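Notes to accompany the following structure.
So that the names make sense, note that chain A is the first sequence line, chain B the second, and so on, each numbered from 1. Not measured: the values here are computed from a predicted model.
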Amino acid sequence: MNNEQLTLLQRIIKGKWIGKGFLALLALAVIWWVGGKALQSPPLFFQQIINGIQLGFVYALIALGYTMVYGIVRLINFAHGDVFMFGAFVSFFSVSQFQLHLWPIKALPSLPPALGIVIGTLSVILLSMVSCAILAMTIERIAYKPLRDAPRISALITAIGVSFFLEYFGALPFVFTPNFITYKRPFDIVTWYIQGGIHRLEAGAEAPPGSVIFSNVLIIIIVVSILLLVGLNYIVRQTKIGKAMRATAYDKPTSRLMGINVDGVISTTFAIGASLAGAAGVLYATAYPQVVFWMGIIPGLKAFVAAVLGGIGSIPGAFVGALIMGQAEVLSAGYISTPMRDAVAFTILILVLLIRPTGIFGEPEREKA
Amino acid sequence: MLLEVKDLNVYYGAIHALQGISFYLNEGEIVTLIGANGAGKSTTLNTISGILRPRSGQVFFEGKDITFTPAEEIVRLGVCQSPEGRKIFATLTVMENLEMGAYTQNNKEEIQKNLERVFRSFPRLKERQNQLGGTLSGGEQQMLAIGRALMSRPRLLLLDEPSMGLSPILVEEIFNIIQEINAQGTSILLVEQNAQMALSVAHRGYVLETGKIVLEGDSNDLLHNPMVAKAYLGAH
Ligand SMILES: Nc1ncnc2c1ncn2[C@@H]1O[C@H](COP(=O)(O)OP(=O)(O)OP(=O)(O)O)[C@@H](O)[C@H]1O
Ligand SMILES: [Mg+2]
């Protein structure tokens, strides 16, 4: 392509210094704007940051599944958001119908109640994780594996088809129904406010003006997410299967020559990504206590943007991208208007694709045999 | 016979890459497969390794038909390949690359012993064990590729062009190590374009030309065969 044929935008992006200058200006504008808001009302600002962290961690758990699956089979698994939805529903049923969260208290009455609640909640999360892993392995086996050697676009279209299937199967009246359902948390919510120290906020009471509030939901999200991230990092860095995942992501034929069961490794990758999405589903539902069959679409897309922003295929990238997305969304919802949060999320996607398609941590695509 | 290949026909779509080749390898031997670019050498090794499937013909390892055995099972049976172009996992450390070679092995002590054996053959890998595979020099990558294959404790080692892109001194060094590995009891099927070098270490050899075996015999005989000399040894 010669210079005459480039559009103005392409020329701006091609001229690297213009692109960089544009980025720097954009960054300055964002800092100036956010900084201004922060100075205007620090408590409000901190409140937004806390909300953004909560959201960002949930996105991180979802984004990891996108990025891991992409890393190993080069597929944007559009059904991933629906696996997240499935995880939320599994926990809904296990709590509302089967009282799974109460088993420690029933089985071991001598246990301190607080510990019982913690173990019960973790059991609920674990059940969702396992269910999602099984679902994803089934999807992979039935829908994606037969297309392993087909052009990438076939698998991509299939992923969209699987996504629709999960959503509309879920919408059936005897499955999840098409309605919003109120989610019952496996624990009671406790809220604190910060104003010259941390104080417990009694149920129904108003927090004093100028204070920052947070709840045990935030703590659970952060603690569970960090535990899962540390666990994931351990698996990927230290274990045999984790190393095989990295080898397979890098070069499948050579992995097979070394005796690595590549299909098994791919299946495990789907399972791990889905279990993280399952945990995210439970955490998301405890934070925003409603479930509905399409609830995975928007968080799924946002997490996808986070993965692209971080550099798809990169695990640290997915984490960093998700934290940025969480903040961007909450700040734009809080300071501009609520609908703006989706616009901002997708604006970020477009900007990343235009300016740095490989994302923050991404490397340029290496063609593989 | 450790390995027997019978009337193998392999296609890439319409391309008939292997046109009915047969050969064998006895326990303890180094057998070399020489031939020009595109003769079908790598295709042969990949068919033995189970990552390519023949349209007809058979591969036997220790008398067992492994023609359609899954690739990972073939490694477990004792056949491992060091592929053309080394194919190091660049994003894994040297140590992790070696561990991937030992993927089919479960006995920790055996793996450790084997690792020490590989480090004895390639001391440079030990020094660089925590470095990323992609940062090694070409020669070191070749050592890693061979070491990685050895980590599976193969009875039969398949080597695809170990001399590719290496300086003459390094080629000499690598071929010495290949002979040592063989002396310690591993049979070797060696694919090479460097016919001189390959025939000097091998017991027997086969000459492959556009998917067919056109000559076979003891290495010494092949070295002195006028046709081989003309086509592959650069003699006039
Ligand atoms: N993936 C492929 N698709 C189509 N044709 C292929 C493929 N791989 C190899 N071929 C063809 O099959 C024939 C044999 O190739 P092969 O790689 O086995 O040759 P080789 O003897 O290993 O050559 P070299 O010394 O260059 O490595 C060649 O004609 C090649 O073009
Ligand atoms: Mg070759």
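In summary, the aromatic rings of A/Y144 and A/F270 are positioned with their centroids under 6.0 Å apart.
For B/T93 and B/N130, the side-chain atoms include no donor-acceptor pair closer than 3.5 Å. Judged purely by distance below 3.5 Å, without hydrogens or angles, the side chains of A/D82 and A/S163 pair a donor atom with an acceptor atom. No donor-acceptor contact under 3.5 angstrom links the side chains of A/Y70 and A/N77, judged on distance only.
At a 4.5 Å heavy-atom cutoff, the contact between B/I88 and chain A is made by backbone atoms alone. In this structure, chain A has heavy atoms under 4.5 Å from both the backbone and the side chain of B/Q81. Residue contact with chain A, scored on non-hydrogen atoms closer than 4.5 Å, is absent for B/E84. Contact annotation for B/A102: only backbone heavy atoms (N, CA, C, O) come within less than 4.5 Å of a heavy atom of chain A.
Salt bridge present: B/R155 and B/E62 bring a charged side-chain N and a carboxylate O closer than 4.0 Å. With salt bridges taken as basic N to acidic carboxylate O contacts below 4.0 Å, none links B/E140 and B/R86.
Residues of residues 65-78 of chain B lying under 4.5 angstrom from chain A, judged on non-hydrogen atoms, are B/A71, B/E72, B/V75 by number.
Taking the six-membered ring where tryptophan is involved, the planes of B/Y206 and B/F23 are tilted, since the angle between them lies from 30° to 60°.
B/L159 pairs with exactly one of B/V191, B/I146, B/L45 by the side-chain contact (heavy atoms from CB on, under 4.5 Å) rule, that one being B/I146.
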